[in-house]
Amino acid sequence: MLRNPKFLHCSSQFLHPPIQPPSPPPPPQVQNIPNPPSFPIIKQCCKFSRRELAVGSSSLLLLLLGSQNPEPFLQSKALAEETMTDTNVNEGKEENSNSNSKSTPNCTNTNPTRKVFLDISIDKEPVGRIVIGLYGDNAPAGAARFSNLVSGAAGITYRRKEFVRIMPSYVQHGGVRSYGVDAELANRTGSELSGESLVDEWQRSYDECPGTKNLAGTVSIIVRDPSKPPPKVKLVAREGKLVIDQEEVGIDPNGTEFVIATKDSPELDASALVVGRVLEGMKVVERIGQVKTVNENTSSPYFRVAKLIGDKRAVVAERGFNRPYSKVVVTNCGLIE
(Lines give C-alpha, C1' and ligand atoms only; values in the text may rest on other atoms or scores of the structure.)
Protein backbone atom coordinates (compact mmCIF):
# COMPACT_ATOMS: atom_id res chain seq x y z
CA MET A 1 0.00 0.00 0.00
CA LEU A 2 2.83 2.41 0.59
CA ARG A 3 4.77 1.66 -2.51
CA ASN A 4 4.30 5.06 -4.04
CA PRO A 5 5.18 7.58 -1.32
CA LYS A 6 5.45 10.49 -3.77
CA PHE A 7 1.77 10.11 -4.63
CA LEU A 8 0.77 10.08 -1.04
CA HIS A 9 2.85 13.11 -0.36
CA CYS A 10 1.22 15.01 -3.18
CA SER A 11 -2.24 13.89 -2.19
CA SER A 12 -1.67 15.09 1.29
CA GLN A 13 -0.82 18.52 -0.07
CA PHE A 14 -4.13 18.71 -1.92
CA LEU A 15 -6.12 17.52 1.10
CA HIS A 16 -4.52 19.97 3.52
CA PRO A 17 -3.60 23.36 2.01
CA PRO A 18 -0.63 25.13 3.54
CA ILE A 19 -1.36 27.38 6.40
CA GLN A 20 -0.12 30.94 5.87
CA PRO A 21 1.42 32.75 8.83
CA PRO A 22 -0.72 35.52 10.25
CA SER A 23 0.16 39.01 9.08
CA PRO A 24 1.59 41.28 11.75
CA PRO A 25 -0.70 43.96 13.09
CA PRO A 26 -0.22 47.46 11.66
CA PRO A 27 1.99 49.73 13.74
CA PRO A 28 0.23 52.31 15.82
CA GLN A 29 -0.01 55.71 14.22
CA VAL A 30 2.12 58.24 16.10
CA GLN A 31 1.64 61.93 15.43
CA ASN A 32 4.92 63.66 14.33
CA ILE A 33 5.44 66.66 16.55
CA PRO A 34 8.08 69.10 15.14
CA ASN A 35 10.95 69.70 17.49
CA PRO A 36 12.15 73.26 18.13
CA PRO A 37 15.13 74.22 15.91
CA SER A 38 18.47 73.96 17.58
CA PHE A 39 22.05 74.35 16.50
CA PRO A 40 22.91 70.61 16.54
CA ILE A 41 19.90 69.78 14.25
CA ILE A 42 20.97 72.54 11.81
CA LYS A 43 24.52 71.27 11.89
CA GLN A 44 23.28 67.72 11.09
CA CYS A 45 20.96 68.58 8.21
CA CYS A 46 22.66 71.68 6.72
CA LYS A 47 26.22 72.81 6.15
CA PHE A 48 27.10 76.55 6.05
CA SER A 49 30.45 78.02 5.14
CA ARG A 50 32.05 80.84 7.11
CA ARG A 51 31.47 83.26 4.28
CA GLU A 52 27.72 82.50 4.19
CA LEU A 53 27.48 82.93 7.95
CA ALA A 54 29.31 86.27 7.78
CA VAL A 55 27.09 87.57 4.95
CA GLY A 56 23.98 86.47 6.78
CA SER A 57 24.98 88.08 10.05
CA SER A 58 25.88 91.36 8.33
CA SER A 59 22.58 91.46 6.47
CA LEU A 60 20.68 90.87 9.70
CA LEU A 61 22.66 93.66 11.36
CA LEU A 62 21.76 96.03 8.54
CA LEU A 63 18.12 95.15 8.81
CA LEU A 64 18.17 95.83 12.55
CA LEU A 65 19.90 99.17 12.06
CA GLY A 66 17.47 100.13 9.31
CA SER A 67 14.53 99.47 11.55
CA GLN A 68 15.89 101.80 14.24
CA ASN A 69 15.09 105.52 14.36
CA PRO A 70 18.04 107.48 12.79
CA GLU A 71 17.30 110.72 14.66
CA PRO A 72 19.70 110.03 17.60
CA PHE A 73 22.51 109.36 15.15
CA LEU A 74 21.82 112.57 13.23
CA GLN A 75 21.75 114.59 16.43
CA SER A 76 25.09 113.17 17.59
CA LYS A 77 26.59 113.95 14.18
CA ALA A 78 25.36 117.54 14.33
CA LEU A 79 26.81 117.97 17.82
CA ALA A 80 30.16 116.59 16.65
CA GLU A 81 30.24 119.03 13.70
CA GLU A 82 29.46 121.96 15.99
CA THR A 83 32.28 121.06 18.37
CA MET A 84 34.69 120.68 15.44
CA THR A 85 33.83 124.13 14.08
CA ASP A 86 34.28 125.68 17.52
CA THR A 87 37.70 124.08 17.97
CA ASN A 88 38.78 125.18 14.46
CA VAL A 89 37.78 128.78 15.18
CA ASN A 90 39.67 128.77 18.46
CA GLU A 91 42.77 127.27 16.83
CA GLY A 92 42.64 129.89 14.06
CA LYS A 93 42.50 132.68 16.63
CA GLU A 94 45.47 131.22 18.51
CA GLU A 95 47.51 130.88 15.33
CA ASN A 96 46.78 134.46 14.32
CA SER A 97 47.78 135.73 17.74
CA ASN A 98 51.00 133.70 17.69
CA SER A 99 51.86 134.85 14.16
CA ASN A 100 51.28 138.48 15.09
CA SER A 101 53.50 138.13 18.15
CA LYS A 102 56.40 136.75 16.08
CA SER A 103 58.57 139.07 13.98
CA THR A 104 57.79 138.62 10.30
CA PRO A 105 59.65 140.17 7.38
CA ASN A 106 58.10 143.28 5.92
CA CYS A 107 57.46 142.47 2.26
CA THR A 108 56.11 145.88 1.25
CA ASN A 109 58.33 148.32 3.09
CA THR A 110 61.68 148.17 1.25
CA ASN A 111 63.17 151.46 2.30
CA PRO A 112 66.98 151.28 2.45
CA THR A 113 68.52 151.92 5.84
CA ARG A 114 72.16 152.18 4.70
CA LYS A 115 74.02 153.00 1.49
CA VAL A 116 77.22 151.47 0.12
CA PHE A 117 79.14 151.89 -3.14
CA LEU A 118 81.16 149.71 -5.53
CA ASP A 119 83.63 151.15 -8.06
CA ILE A 120 83.87 148.92 -11.14
CA SER A 121 86.56 148.55 -13.79
CA ILE A 122 86.65 146.38 -16.93
CA ASP A 123 90.14 145.39 -18.07
CA LYS A 124 91.59 148.03 -15.73
CA GLU A 125 89.40 150.73 -17.26
CA PRO A 126 87.01 152.46 -14.80
CA VAL A 127 83.41 152.33 -15.95
CA GLY A 128 81.59 153.96 -13.02
CA ARG A 129 80.16 153.54 -9.53
CA ILE A 130 77.22 151.50 -8.27
CA VAL A 131 75.33 152.82 -5.22
CA ILE A 132 73.35 150.17 -3.32
CA GLY A 133 70.73 150.71 -0.61
CA LEU A 134 70.58 147.91 1.98
CA TYR A 135 67.35 146.65 3.59
CA GLY A 136 68.29 146.64 7.26
CA ASP A 137 64.66 146.09 8.35
CA ASN A 138 63.72 143.32 5.91
CA ALA A 139 66.97 141.31 5.99
CA PRO A 140 69.01 142.49 9.00
CA ALA A 141 71.50 139.60 8.98
CA GLY A 142 72.07 139.71 5.23
CA ALA A 143 72.38 143.51 5.15
CA ALA A 144 74.88 143.40 8.02
CA ARG A 145 76.96 140.75 6.26
CA PHE A 146 77.08 142.74 3.01
CA SER A 147 77.84 145.99 4.84
CA ASN A 148 80.73 144.42 6.79
CA LEU A 149 82.25 142.97 3.62
CA VAL A 150 82.02 146.31 1.82
CA SER A 151 83.38 148.42 4.69
CA GLY A 152 86.10 145.97 5.72
CA ALA A 153 84.72 145.44 9.25
CA ALA A 154 84.84 141.67 8.62
CA GLY A 155 88.61 141.82 8.08
CA ILE A 156 88.19 141.22 4.34
CA THR A 157 86.43 143.21 1.62
CA TYR A 158 85.13 142.92 -1.93
CA ARG A 159 87.99 145.12 -3.06
CA ARG A 160 90.00 143.60 -5.96
CA LYS A 161 87.53 140.74 -6.26
CA GLU A 162 86.07 139.82 -9.66
CA PHE A 163 82.68 139.11 -11.19
CA VAL A 164 82.77 135.44 -12.15
CA ARG A 165 79.53 134.90 -14.07
CA ILE A 166 77.45 136.99 -16.43
CA MET A 167 73.99 135.65 -17.23
CA PRO A 168 71.26 137.16 -19.45
CA SER A 169 69.26 138.28 -16.39
CA TYR A 170 71.91 138.92 -13.70
CA VAL A 171 75.63 139.33 -12.98
CA GLN A 172 77.35 137.39 -10.21
CA HIS A 173 80.30 138.41 -8.05
CA GLY A 174 82.64 135.70 -6.77
CA GLY A 175 82.82 137.01 -3.19
CA VAL A 176 85.72 136.08 -0.94
CA ARG A 177 87.33 132.67 -0.54
CA SER A 178 86.79 130.38 2.43
CA TYR A 179 90.44 129.33 2.40
CA GLY A 180 93.86 130.91 2.10
CA VAL A 181 94.54 134.53 2.96
CA ASP A 182 90.87 135.53 3.03
CA ALA A 183 90.05 132.85 5.61
CA GLU A 184 93.02 133.87 7.79
CA LEU A 185 92.01 137.53 7.74
CA ALA A 186 88.42 136.62 8.61
CA ASN A 187 89.58 134.43 11.52
CA ARG A 188 91.57 137.29 13.00
CA THR A 189 88.45 139.44 13.38
CA GLY A 190 86.20 136.51 14.31
CA SER A 191 84.08 136.85 11.18
CA GLU A 192 82.09 133.85 10.01
CA LEU A 193 82.39 132.81 6.36
CA SER A 194 79.32 130.60 6.16
CA GLY A 195 75.89 130.84 4.62
CA GLU A 196 74.16 128.77 7.30
CA SER A 197 73.40 131.82 9.43
CA LEU A 198 71.57 133.42 6.49
CA VAL A 199 69.54 130.37 5.45
CA ASP A 200 66.92 130.89 8.20
CA GLU A 201 66.37 134.48 7.11
CA TRP A 202 66.08 133.41 3.49
CA GLN A 203 63.61 130.64 4.41
CA ARG A 204 61.37 133.04 6.34
CA SER A 205 61.38 135.56 3.50
CA TYR A 206 60.79 132.83 0.91
CA ASP A 207 57.78 131.40 2.76
CA GLU A 208 56.08 134.60 3.89
CA CYS A 209 56.69 136.96 0.95
CA PRO A 210 54.85 135.79 -2.18
CA GLY A 211 55.86 136.60 -5.73
CA THR A 212 59.24 137.18 -7.32
CA LYS A 213 61.83 138.56 -4.89
CA ASN A 214 64.77 139.11 -7.25
CA LEU A 215 63.39 141.90 -9.40
CA ALA A 216 65.40 144.05 -11.78
CA GLY A 217 67.93 146.11 -9.83
CA THR A 218 67.88 144.04 -6.63
CA VAL A 219 71.07 142.89 -4.89
CA SER A 220 71.09 139.42 -3.30
CA ILE A 221 73.51 137.19 -1.41
CA ILE A 222 73.71 133.54 -2.49
CA VAL A 223 73.04 131.47 0.63
CA ARG A 224 72.36 127.98 -0.77
CA ASP A 225 72.78 125.79 -3.83
CA PRO A 226 69.47 124.15 -4.83
CA SER A 227 71.23 121.91 -7.39
CA LYS A 228 73.46 120.35 -4.75
CA PRO A 229 72.77 116.58 -4.45
CA PRO A 230 71.89 115.05 -1.07
CA PRO A 231 74.70 113.52 1.00
CA LYS A 232 75.76 109.97 0.19
CA VAL A 233 75.14 107.34 2.87
CA LYS A 234 77.95 104.83 3.42
CA LEU A 235 79.17 102.34 6.05
CA VAL A 236 82.34 103.26 7.93
CA ALA A 237 84.29 101.10 10.40
CA ARG A 238 84.88 102.99 13.65
CA GLU A 239 86.28 101.36 16.81
CA GLY A 240 85.52 97.91 15.49
CA LYS A 241 81.90 98.73 14.62
CA LEU A 242 80.12 99.57 11.37
CA VAL A 243 78.59 103.04 11.55
CA ILE A 244 76.38 104.77 8.97
CA ASP A 245 78.02 107.99 7.84
CA GLN A 246 76.97 110.73 5.41
CA GLU A 247 79.40 112.13 2.88
CA GLU A 248 78.71 115.64 1.64
CA VAL A 249 78.79 116.09 -2.14
CA GLY A 250 79.82 119.54 -3.29
CA ILE A 251 80.47 122.71 -1.32
CA ASP A 252 77.88 125.05 0.15
CA PRO A 253 78.12 128.79 -0.57
CA ASN A 254 80.01 130.77 2.07
CA GLY A 255 77.51 133.64 2.14
CA THR A 256 79.75 136.22 0.43
CA GLU A 257 78.84 135.80 -3.25
CA PHE A 258 76.25 138.31 -4.45
CA VAL A 259 74.26 138.92 -7.62
CA ILE A 260 72.77 142.04 -9.19
CA ALA A 261 69.67 141.38 -11.28
CA THR A 262 69.47 143.17 -14.63
CA LYS A 263 65.99 141.71 -15.24
CA ASP A 264 63.37 139.98 -13.12
CA SER A 265 65.04 136.69 -12.09
CA PRO A 266 62.62 134.29 -10.37
CA GLU A 267 65.21 131.50 -10.79
CA LEU A 268 67.29 133.20 -8.07
CA ASP A 269 64.53 133.08 -5.46
CA ALA A 270 65.44 129.50 -4.50
CA SER A 271 69.07 130.35 -3.68
CA ALA A 272 69.56 134.09 -3.04
CA LEU A 273 68.51 136.38 -0.18
CA VAL A 274 67.57 139.92 -1.25
CA VAL A 275 69.52 142.45 0.85
CA GLY A 276 69.09 145.68 -1.12
CA ARG A 277 68.67 147.37 -4.49
CA VAL A 278 70.66 149.55 -6.86
CA LEU A 279 69.96 153.25 -6.26
CA GLU A 280 72.45 154.68 -8.75
CA GLY A 281 74.64 153.24 -11.50
CA MET A 282 72.26 150.80 -13.20
CA LYS A 283 73.96 151.67 -16.49
CA VAL A 284 77.20 150.34 -15.05
CA VAL A 285 75.48 147.05 -14.25
CA GLU A 286 74.14 146.87 -17.80
CA ARG A 287 77.64 147.55 -19.10
CA ILE A 288 78.89 144.55 -17.10
CA GLY A 289 76.13 142.43 -18.59
CA GLN A 290 77.35 143.22 -22.12
CA VAL A 291 80.80 141.69 -21.59
CA LYS A 292 81.43 138.63 -23.77
CA THR A 293 81.43 135.32 -21.93
CA VAL A 294 82.25 131.65 -22.50
CA ASN A 295 79.38 129.95 -24.28
CA GLU A 296 77.55 127.13 -22.58
CA ASN A 297 78.15 123.70 -24.06
CA THR A 298 75.61 121.74 -22.06
CA SER A 299 73.92 120.45 -25.23
CA SER A 300 77.05 118.56 -26.29
CA PRO A 301 76.63 114.75 -26.05
CA TYR A 302 80.17 114.42 -24.70
CA PHE A 303 79.39 116.83 -21.85
CA ARG A 304 76.14 115.04 -21.05
CA VAL A 305 77.84 111.64 -20.84
CA ALA A 306 80.68 113.06 -18.72
CA LYS A 307 78.18 114.72 -16.37
CA LEU A 308 76.15 111.51 -16.17
CA ILE A 309 79.08 109.31 -15.16
CA GLY A 310 80.38 111.92 -12.70
CA ASP A 311 83.51 112.94 -14.60
CA LYS A 312 85.28 115.77 -12.75
CA ARG A 313 86.26 117.36 -16.03
CA ALA A 314 82.58 118.04 -16.70
CA VAL A 315 82.29 119.83 -13.33
CA VAL A 316 85.34 121.98 -14.11
CA ALA A 317 84.02 122.78 -17.57
CA GLU A 318 80.63 123.74 -16.16
CA ARG A 319 82.25 126.22 -13.80
CA GLY A 320 83.78 127.96 -16.80
CA PHE A 321 80.47 128.50 -18.56
CA ASN A 322 79.32 132.16 -18.75
CA ARG A 323 82.60 133.43 -17.33
CA PRO A 324 83.60 136.85 -18.76
CA TYR A 325 86.57 137.03 -21.09
CA SER A 326 87.42 140.45 -19.67
CA LYS A 327 88.37 141.16 -16.05
CA VAL A 328 85.48 142.84 -14.26
CA VAL A 329 86.85 143.92 -10.85
CA VAL A 330 85.62 145.92 -7.86
CA THR A 331 88.45 148.45 -7.53
CA ASN A 332 87.06 150.18 -4.44
CA CYS A 333 84.10 149.86 -2.06
CA GLY A 334 82.84 151.39 1.17
CA LEU A 335 79.98 152.95 3.12
CA ILE A 336 78.20 156.19 2.27
CA GLU A 337 77.51 158.23 5.39
Side-chain angles (χ1 to χ4, degrees), residues 118-128 130 146 149 156-183 186 193-195 198 214 216 218-232 247-273 284-331 333:
L118 303 173
D119 291 336
I120 309 298
S121 68
I122 299 176
D123 287 338
K124 298 182 180 180
E125 180 184 353
V127 293
I130 303 173
F146 193 86
L149 290 171
I156 47 178
T157 64
Y158 288 132
R159 187 169 177 265
R160 296 180 182 177
K161 301 297 187 295
E162 302 179 13
F163 283 84
V164 296
R165 181 175 295 180
I166 298 176
M167 301 295 289
S169 58
Y170 62 89
V171 295
Q172 179 179 343
H173 191 273
V176 299
R177 294 176 295 183
S178 301
Y179 57 90
V181 179
D182 292 342
L193 295 181
S194 174
L198 304 178
N214 289 269
T218 55
V219 181
S220 306
I221 295 178
I222 299 176
V223 298
R224 60 187 297 269
D225 184 8
S227 62
K228 180 183 175 182
K232 294 183 179 179
E247 181 183 0
E248 292 289 338
V249 180
I251 302 174
D252 292 324
N254 60 3
T256 62
E257 303 177 41
F258 68 91
V259 294
I260 303 176
T262 56
K263 300 177 182 178
D264 292 352
S265 306
E267 67 273 13
L268 293 175
D269 293 344
S271 59
L273 170 66
V284 179
V285 179
E286 294 174 356
R287 175 78 180 275
I288 298 172
Q290 295 173 359
V291 176
K292 292 184 179 181
T293 60
V294 179
N295 294 329
E296 289 188 6
N297 198 20
T298 54
S299 61
S300 172
Y302 301 102
F303 176 80
R304 290 182 178 179
V305 173
K307 189 73 179 292
L308 183 63
I309 63 177
D311 194 340
K312 292 183 179 181
R313 291 175 294 180
V315 178
V316 175
E318 191 174 13
R319 291 176 183 172
F321 294 158
N322 300 302
R323 289 186 70 92
Y325 283 114
S326 303
K327 262 195 171 184
V328 184
V329 183
V330 176
T331 57
C333 56

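Note that this is a predicted model, so its numbers are computed, not measured.
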Heavy-atom pair of closest approach, residues L273 and L198: CD2-O, 4.3 Å
So, applying side-chain contact (heavy atoms from CB on, under 4.5 Å) with E296, which one of V294, T293, T298 is it? T298
Check whether N254 reaches the backbone of T256 with its side chain - one donor and one acceptor, N or O, closer than 3.5 Å. yes
Closest non-hydrogen contact found for F321 with N295 is CD2-O, 3.7 Å
How long is the span from the CD atom in Q290 to the CD1 atom in I166, to the nearest 0.5 Å? 10.0 Å
What's the spacing between K263 NZ and M167 CE if we round to 0.5 Å? 11.5 Å
Quick one: pull up CD1 in I130 and CD1 in I260 and give me the separation to the nearest 0.5 Å. 4.5 Å
Is a side-chain donor or acceptor of D269 paired with a backbone partner of N214 at a separation under 3.5 angstrom? yes
Step-by-step side-chain contact (heavy atoms from CB on, under 4.5 Å) determination, F258 to L149: CA-CA 11 Å; F258 68 91; L149 290 171; over 6 Å; no
Find out whether K161 and V330 are in side-chain contact, i.e. whether some heavy atom of one side chain is under 4.5 Å from a heavy atom of the other. no
Does the R224 side chain pair with the main chain of A270, one donor and one acceptor, at a distance under 3.5 Å? yes
Give me the atom names and distance for the closest heavy-atom approach of G175 to Y158. CA-CE2, 3.9 Å
Does the side chain of Q172 come within less than 4.5 Å of I222's, by heavy atoms? yes
Specify the closest pair of heavy atoms between D264 and A216, including all atoms of both residues, with the distance to one decimal. OD1-N, 2.9 Å
What closest approach, in Å, do C333 and R159 show between heavy atoms, and which atom pair accounts for it? SG-N, 3.8 Å
Strictly distance-based, threshold 3.5 Å: is any side-chain N or O of D123 a donor or acceptor partner for the main-chain N or O of K327? yes
Between I120 and T331, which heavy-atom pair has the shortest distance, and what is it? N-OG1, 4.3 Å
One should read off an interatomic distance between E162 CD and S326 OG, to the nearest 0.5 angstrom, of 11.0 Å
Looking at S169, is its backbone amide N or carbonyl O close enough to the side chain of S265 to form a donor-acceptor pair, meaning the two atoms are under 3.5 Å apart? yes
